[in-house]
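Chain A is the first sequence line, chain B the second, and so forth, proteins listed ahead of strands; every chain is numbered from 1.
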2 protein chains.
Amino acid sequence: MAATQALPTLDAARLKIACKSCSLFELCLPLGLESNDLDRLETIIQRAKPLTPGTHVFHVGDPFRAIYAIRSGSLKSYTLTNDGEEQITGFHLPGELVGLDAISTNAHHCGAIALETVSICTIPFDQIQTLSQTIPSLGQQLLRLMSMEIMHNQDHLATLSKKSADQRLAALLISISERYKRRGFSESEFNLTMSRGDIGNYLGLAIETVSRLFTKFQQQNILETQRKFVRILDMQQLKTIAGSCGTAC
Amino acid sequence: MAATQALPTLDAARLKIACKSCSLFELCLPLGLESNDLDRLETIIQRAKPLTPGTHVFHVGDPFRAIYAIRSGSLKSYTLTNDGEEQITGFHLPGELVGLDAISTNAHHCGAIALETVSICTIPFDQIQTLSQTIPSLGQQLLRLMSMEIMHNQDHLATLSKKSADQRLAALLISISERYKRRGFSESEFNLTMSRGDIGNYLGLAIETVSRLFTKFQQQNILETQRKFVRILDMQQLKTIAGSCGTAC
DNA sequence: CGAATCCTTGAACACCTTCAACAGGGGTGG
DNA sequence: CCACCCCTGTTGAAGGTGTTCAAGGATTCG
């Protein structure tokens, strides 16, 4: 059972500060694991050098070997449409997993690119599967995370299908704000790590429309922006715009 | 509604002809299972009376107890937007699983409604999890099916984000055609089980737009339609419209 | 047979896109 | 350090695609 071999002290130290002391613990794959199971998970996790902005974590079509958790920084994931255009499917913050869509085909259907300097935990999939057989809660957490991804995609799908441009941008800003908040950062001030073009691509809008919306929100005193920096001045109104459901949400 | 009479011998027979002889075997959850493992899976699968059109398989917010496989007929699944509107997230044919999005929250995020008379296999989730611990390939197949759902949602997301109304309807018709074909039905003639309103809702278009597109495709001799019946006359052109990538796809 | 529902068609309008030009940083090289 | 260039982002005007509003036709079901 304890395949964990004695490790050099340096590695042990590095591993020790890994998942157990990671502030993202409760958002990430290890959630729900016992301490000793966590130790076993940590032995299979690989932590490489940070990636520089614009670097691929994996490309579309790459063979599927691992899933990836973000330790710090942010990513965008994208698919290619059949005429070769990029469709951004999500922006990912620390604690989130990417690469889950590759399980069924054994090849990455999405690509993932660093939006800023990013630290990644690489988790080889065959080893997760092996571990899951003796750590049921690991497999369960993997299922939960995949289910969350399905839910999130469905929400975004509804956004693209039904909402106006204003609503879409408001919803994105709120989503980013809430995710930063959960990670202990300011919910009202942050730097967008993605370009206007990325935002437009993700929201199904032209880049010019996104730009105009930022201007408009600023004129309405909902936001204050300087290029990538955003300060939310009126969260309530932003939520009203996003949800268009009066005061309740 | 009517009393579910216990018919022991009939039930036993019905269970016996279950997954092993089901024509959907290779599309569904049992794929990849050994014969004896399949027997064990079949003991937990519940097969109730067919549902009548318009009946819910499960509602939004229902506690999560099981996932559901379609034996015959078709379903639509939908989420509710925060202002209470229905957003259809998918149309489902025999062999497909629904309810996978509920795993993370233990409550159904989507609802599912029968579009016609539908036979359902109910697979209690706690029992799948128990079984998966001794049948690894069952857990793997579940992961694969969830991954496929993620991929499918991402494709649809790209459709809503980038494609024109013509492209969206063409893509949907091709998707339905291909899925019928894989199940041994005609790829060029079928009955749409969903309404124009459902199609519009799914594709992010007004019902009037959908209606006009059907008229247009008919005038272009791509389709022949009589209300819900569709005959595809020019599959090649339909694919060209959907993909807008010349002759290749 | 009538009512209700679903679908179709027409016309005006709105929203967002496209095209075009310009502004403003950030980096590089002189 | 400044000038220059490139890239990103902003702004304006025109145009198109799909929506909305409105009315009429078809089908189903009681």
Side-chain angles (χ1 to χ4, degrees), chain A residues 52-54 76 81 83 85-88 113 115-117 159-173 191-220 223-230 241-242 244, chain B residues 52-54 76 81 83 85-88 113 115-117 159-173 191-220 223-230 241-242 244:
Chain A
T52 53
K76 64 175 175 180
T81 62
D83 46 348
E85 268 185 295
E86 171 180 309
Q87 170 63 47
I88 296 176
I113 298 181
L115 290 168
E116 55 188 326
T117 301
T159 299
L160 292 180
S161 170
K162 289 226 180 332
K163 294 194 175 178
S164 68
D166 309 64
Q167 293 177 306
R168 293 182 203 185
L169 183 59
L172 174 61
L173 289 172
N191 275 291
L192 296 172
T193 56
M194 69 295 289
S195 69
R196 298 288 192 271
D198 286 338
I199 294 174
N201 183 305
Y202 178 68
L203 296 178
L205 299 171
I207 182 174
E208 296 94 329
T209 305
V210 174
S211 186
R212 276 184 257 267
L213 288 172
F214 272 112
T215 306
K216 184 175 156 192
F217 284 170
Q218 220 162 346
Q219 288 168 347
Q220 296 174 335
L223 299 180
E224 214 175 275
T225 64
Q226 287 169 284
R227 292 182 84 72
K228 307 229 164 184
F229 176 77
V230 173
I241 292 172
S244 70
Chain B
T52 54
K76 64 174 175 180
T81 61
D83 46 347
E85 268 186 294
E86 170 180 310
Q87 170 63 46
I88 296 177
I113 297 182
L115 290 168
E116 55 189 326
T117 301
T159 299
L160 292 179
S161 170
K162 288 223 179 334
K163 295 193 175 179
S164 68
D166 309 66
Q167 292 177 307
R168 293 182 203 186
L169 182 59
L172 175 61
L173 290 172
N191 276 291
L192 295 172
T193 55
M194 69 295 289
S195 69
R196 297 286 191 271
D198 285 340
I199 294 175
N201 183 306
Y202 177 67
L203 296 178
L205 300 171
I207 182 172
E208 295 94 330
T209 305
V210 174
S211 186
R212 276 185 256 268
L213 287 172
F214 272 113
T215 306
K216 183 175 157 193
F217 284 170
Q218 220 162 347
Q219 288 168 348
Q220 296 174 334
L223 299 179
E224 215 175 275
T225 65
Q226 288 171 287
R227 285 184 91 70
K228 305 229 165 184
F229 176 77
V230 172
I241 292 172
S244 72

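Atom CG in Asn201(B) sits roughly 13 Å away from atom P in dC7(C) (whole-Å rounding). What separates CG of Leu203(B) from C1' of dT17(D) is a distance of 16 Å, to the nearest Å. Atom CZ in Phe229(B) sits about 16 Å away from atom P in dC7(C), given to the nearest Å. Here dT28(D) presents its C1' atom at 16 Å from CD of Gln226(B), a figure rounded to the nearest Å. Note: CD1 (Ile199(A)) to C1' (dT8(D)) measures 12 Å, nearest angstrom. Rounded to whole angstrom, the span from the CZ atom of Phe214(B) across to the C1' atom of dT9(C) amounts to 16 Å. Rounding to whole angstrom units, NZ of residue Lys228(A) and P of dT10(D) are separated by 10 Å. In this structure, the CG atom of Leu169(A) is 13 Å from the P atom of dG9(D), given to the nearest Å.
Taking the side chain as every heavy atom from C-beta outward, Pro53(A) and Thr117(A) approach each other to under 4.5 Å.
Between Ile199(A) and Leu169(A), the shortest heavy-atom distance links the atoms CG2-CD1, 4.0 Å. Smallest separation of non-hydrogen atoms from Gly200(A) and Val210(A): CA-CG2, 3.5 Å.
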What one-letter contact string describes nucleotides 14-21 of chain C from 5' to 3', where B marks a base within less than 4.0 Å of any protein heavy atom, S marks contact via sugar-phosphate atoms alone, and - marks no contact?
--SBBB--
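One finds a salt bridge joining Asp166(B) and Lys216(B) here, because a Lys/Arg side-chain nitrogen approaches an Asp/Glu carboxylate oxygen to under 4.0 Å. Salt-bridge annotation for Glu116(B) and Lys228(B): absent, with no side-chain N of the basic residue lying under 4.0 Å from a carboxylate O of the acidic one.
Using a 4.0 Å heavy-atom distance criterion, Ser195(B) is classed as a sugar-phosphate-only contact. Contacts of Lys216(B) with the nucleic acid, taken as non-hydrogen atoms under 4.0 Å apart, are absent.
Here the straight-line distance linking atom CD of Gln220(A) with atom OG1 of Thr215(A) works out to 11.0 Å at 0.5 Å rounding. With rounding to the nearest 0.5 Å, the separation of CZ in Phe214(B) from CZ in Arg196(B) is 4.5 Å.
Put simply, Arg227(B) has no side-chain N or O that comes within less than 4.0 Å of OP1 or OP2 on dC7(C).
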